[in-house]
Amino acid sequence: MITLMWAMDINKVIGLNDALPWHYKVDMAYFKKHAYHTQVLMGYQTYLSMLSYFPSKKLPFEKVYIASRKQNKIENAEIVHDVITFLEDRKEDLMIIGGAQIYQLAFPYAGALRITYVLKPHVGDTYFPKYHLENFKLVSYTTDHELILSHYERVKK
Ligand SMILES: NC(=O)c1ccc[n+]([C@@H]2O[C@H](COP(=O)([O-])OP(=O)(O)OC[C@H]3O[C@@H](n4cnc5c(N)ncnc54)[C@H](OP(=O)(O)O)[C@@H]3O)[C@@H](O)[C@H]2O)c1
């Protein structure tokens, strides 16, 4: 199944200056629990921002796919030049971990969503693209102070 995982504030802000606009331990723990040790796809900008969190370039995932049209080689990762073909062909589980451009491309392929709602506004320059949840059902959520950590699954038709 393809799962999209992201955190956004009440204005759908997801990023600032190529980094997360916030640091919430509970959200990091949620990300760690569900994305670490899985196969992930991220855009090249998100990859660059991750390197500031993991300067050794060894990311904590089972396998790393990086979407880029320009790059041909990245240490410890496989480049995806054509995201749509990659997602169309994908049979194994995959976590999509950002950023905005890649969420937009991948949303139609999502079987599940893990959304962290940050219940206050933050300054940002990157927003989650327009989407709707009518084909998804909320299967679980927990709350923690300013956060709601949610899990949705696509409704089978
Ligand atoms: N809050 C969250 O949960 C969260 C999660 C992740 C990221 N973020 C934030 O989101 C921001 C980055 O998002 P972003 O939208 O600027 O960048 P992005 O989606 O991470 O990466 C964009 C890059 O992906 C590549 N790309 C785009 N379309 C493609 C396609 N069809 N096929 C192959 N490659 C393609 C291009 O790389 P090339 O230019 O190399 O060709 C493009 O520059 C940062 O601020 C980051 O911190 C937030």
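Positions are given from 1 along the sequence. Bear in mind the structure is a predicted one, so any value in this text is a computation, not a measurement. When a ligand or atom number is given, it counts from 1 through the structure's own listing order.
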Going by the order shown, which atoms of ligand 1 are within less than 4.0 Å of some heavy atom of L105?
28 (N), 29 (C), 30 (C), 31 (N)
Can E88 and Y109 be counted as having a side-chain donor-acceptor contact under 3.5 angstrom?
yes
Measuring from atom 29 (C) of ligand 1, which candidate in R69, Q101, R114, K70 has the nearest non-hydrogen atom?
R69
Please work out which of the three classes, parallel, tilted or perpendicular, describes the rings of F128 and Y131, given edges at 30° and 60°.
perpendicular
Ligand 1 atoms nearer than 4.0 angstrom to some heavy atom of G15 are 45 (O)
Any atoms of ligand 1 less than 4.0 Å from a non-hydrogen atom of L20? List them with their elements.
1 (N), 2 (C), 4 (C), 47 (O), 48 (C)
Considering only heavy atoms of W6, which atoms of ligand 1 have at least one such atom less than 4.0 Å away?
3 (O)
Does a side-chain heavy-atom distance below 4.5 Å link L16 with V123?
yes
heavy-atom search around atom 6 (C) of ligand 1 in the protein gives I97 O, 3.1 Å
Show which atoms of ligand 1 fall inside a sub-4.0 Å distance from at least one heavy-atom site of A7.
1 (N), 2 (C), 3 (O)
Output, in order, the C-alpha distance, side-chain angles, deciding distance and verdict of ring-ring contact (aromatic ring centres under 6.0 Å, His included) for F136 and F107.
CA-CA 12 Å; F136 290 87; F107 198 89; 5.8 Å; yes
Report yes or no: do D27 and T116 form a side-chain donor-acceptor pair below 3.5 Å?
yes
Considering only protein heavy atoms, which is closest to atom 32 (N) of ligand 1, and at what distance to one decimal place?
H81 O, 3.2 Å
In the protein, which heavy atom is nearest to atom 19 (O) of ligand 1, and how far is it?
G99 N, 3.1 Å
G98 heavy atoms within 4.0 Å reach ligand 1 at atoms 6 (C), 20 (O)
Can you classify the ring geometry of Y65 versus F86 as parallel (below 30°), tilted (30 to 60°) or perpendicular (above 60°)?
tilted
closest protein heavy atom to atom 25 (C) of ligand 1 is A67 O, 3.3 Å
Under 4.0 Å to a heavy atom of Y44 - the qualifying atoms of ligand 1, by number:
21 (O), 23 (C), 24 (O), 37 (O), 40 (O)
Could you state the interatomic distance from CD1 (I74) to OH (Y44), rounded to the nearest 0.5 Å?
5.5 Å
Looking at ligand 1, is there an atom of it that comes within less than 4.0 Å of some heavy atom belonging to Y47?
no
In the structure I gave you, are the side-chain heavy atoms of L41 and V80 within less than 4.5 Å of one another anywhere?
yes
Using a 4.5 Å cut-off on heavy atoms from C-beta on, say whether the side chain of W22 contacts that of K120.
no
Give me the residue, atom name and distance of the protein heavy atom closest to atom 11 (C) of ligand 1.
T126 CG2, 3.9 Å
Counting heavy atoms only, name the option from A100, P21, S68 that's nearest to atom 37 (O) of ligand 1.
S68
Which residue holds the protein heavy atom closest to atom 8 (N) of ligand 1, what is that atom called, and what is the gap in Å?
I14 O, 3.9 Å
Shortest heavy-atom approach to atom 21 (O) of ligand 1 - which of Q71, Q45, M5
Q45
Specify whether Y117 and Y152 have parallel, tilted or perpendicular ring planes, treating 30° as the upper limit for parallel and 60° as the lower limit for perpendicular.
perpendicular
Which residue owns the protein heavy atom closest to atom 26 (N) of ligand 1, what's the atom, and how far is it?
I102 CD1, 4.0 Å
Side chain, backbone, both or neither: the part of T116 lying under 4.0 Å from ligand 1 by heavy atom
neither
Decide yes or no for Y30 and M5: does some side-chain heavy atom of the first lie under 4.5 Å from some side-chain heavy atom of the second?
yes
I need the atoms of ligand 1 closer than 4.0 Å to a non-hydrogen atom of G43, numbered in the order shown.
18 (P), 20 (O), 21 (O), 24 (O)
Rounded distance (nearest 0.5 Å) linking atom CG of D125 with atom CG of D18
7.0 Å
Would you mind checking which non-hydrogen protein atom is closest to atom 7 (C) of ligand 1, with the distance to 0.1 Å?
T46 OG1, 3.2 Å
If the test is side-chain hydrogen bond (donor to acceptor under 3.5 Å, both in side chains), which one of H37, E78, Q39 qualifies with K63?
E78
